[in-house]
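Read through the structure below, which is laid out as structure tokens, and then see the notes.
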Amino acid sequence: MNWPATEAHLVSSQRNLARARPPQWTPEGQYLVGGAWICFPRGLSGKGSAGDRAWAAAVVMDRGGVVGRCLVPGQASAPYVPGLLALRLGPLLADVVRRLAPQPDVLLLDGTGRDHPRRAGLALQLGAVLELPTVGVTHRPLTASGDWPADVLGAASPLFIGPDQVATWLRTKQGTHPLVVHPGWRTDLASAVAVATRSLAGHRTPEPLRRARQAARLLREP
DNA sequence: GCGACAG
DNA sequence: ATCTTGTCGC
């Protein structure tokens, strides 16, 4: 699948992805977890615009630590618009992950999955384009709603759109705001939470995402 | 009509 | 995303 480069194309693709039922990937035994992150210039405010400078980083980890990393300076391809995040970040994210070696078995990124106006957020789009299972992790839901879980490490609670659970609040660290874990491409609620949980290393943010963010920021400020 | 709205 | 100081805690 190619990257949808226009709003009309992306929206059309999202409608198809929402109905797609790719074979599910299940975390079993040893698997490599990747994390991808894009950072922007300090001081950038508002929605931004196409051409904004951006720095992308991707890392891949096994249970011992980072086994691969890739850094790519680039630019945003569109302004930020809720529901169309893929238009802004997709091309650069896909680029940095494609160059990552070894390739991960599952990829973590900042974006939603089914929690989306058309039920196909960036995690689904990127996974479909890269043909890689994905799990989304965000600070807050886009469209879904649900009560917070107890302040206990590992506590989870459902996030719904109407009657459908589309994501899970997960307390990734006691005493901190919970994160939203989104099943993405080829993953379901249980797998997404399992991957996110296993990727924790004592911090609120799953380690592959933390490391990717650190790397992207270092690239930004030499 | 108004506000909210992943990063 | 990024802007921001101090502050509480390990």
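Just so it is clear: chains get the letters A, B, ... in the order the sequence lines come, proteins before strands, and each one is counted from 1.
Consecutive Watson-Crick or G-U pairing (both distances under 3.5 Å) never extends over three or more pairs in DNA chain C.
Taking atom CZ of residue R140(A) and atom P of nucleotide dA6(B), one finds them 4 Å apart after rounding to whole Å. Spacing between atom CG of L10(A) and atom C1' of dA6(B) amounts to 13 Å, rounded to whole angstrom units. Per the geometry, CG belonging to L89(A) stands 6 Å off C1' belonging to dG7(B), to the nearest Å. Between the C1' atom of dG7(B) and the CZ atom of R42(A) lies a distance of 17 Å, rounded to the nearest Å. Going from atom CH2 of W37(A) over to atom C1' of dA6(B) covers 11 Å, rounded to whole Å. When rounded to the nearest whole Å, the span between CG of L142(A) and P of dG7(B) equals 9 Å. One can place CD of E221(A) at 9 Å from P of dT2(C), the figure rounded to the nearest angstrom.
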### Message
Would R88(A) and D52(A) count as a salt bridge (charged side-chain N to carboxylate O under 4.0 Å, His left out) here? Give the steps.
### Response
CA-CA 10 Å; R88(A) 177 165 175 77; D52(A) 288 338; 3.0 Å; yes

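More than 12 heavy atoms of other residues, nucleotides or ligands shown are found within 6.0 angstrom of CZ on R198(A).
Remark: the T138(A) side chain and the dA6(B) base include no donor-acceptor N/O pair separated by less than 3.5 Å.
In this structure, OG on S13(A) lies 10.5 Å from CZ on R118(A), to the nearest 0.5 angstrom.
Note on G90(A): nothing from the nucleic acid sits closer than 4.0 angstrom, heavy atoms only. Nucleic acid contact for G48(A): none, since no nucleic acid atom lies under 4.0 Å from a heavy atom of the residue. Among the atoms of the strands shown, base atoms are found under 4.0 Å from some heavy atom of H116(A). The residue L84(A) sits close to a base: some heavy atom pair falls under 4.0 Å.
Stacking is found between Y80(A) and the pyrimidine-like six-membered ring of the dG7(B) base under the 5.5 Å centre-distance and 30° plane-angle cut-offs.
Nearest nucleotide to the R217(A) side chain, out of dG7(B), dC5(B), dT2(C): dT2(C).
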Dump every N/O contact between nucleotides 5-8 of chain C and the protein below 3.5 Å, one line per pair.
none

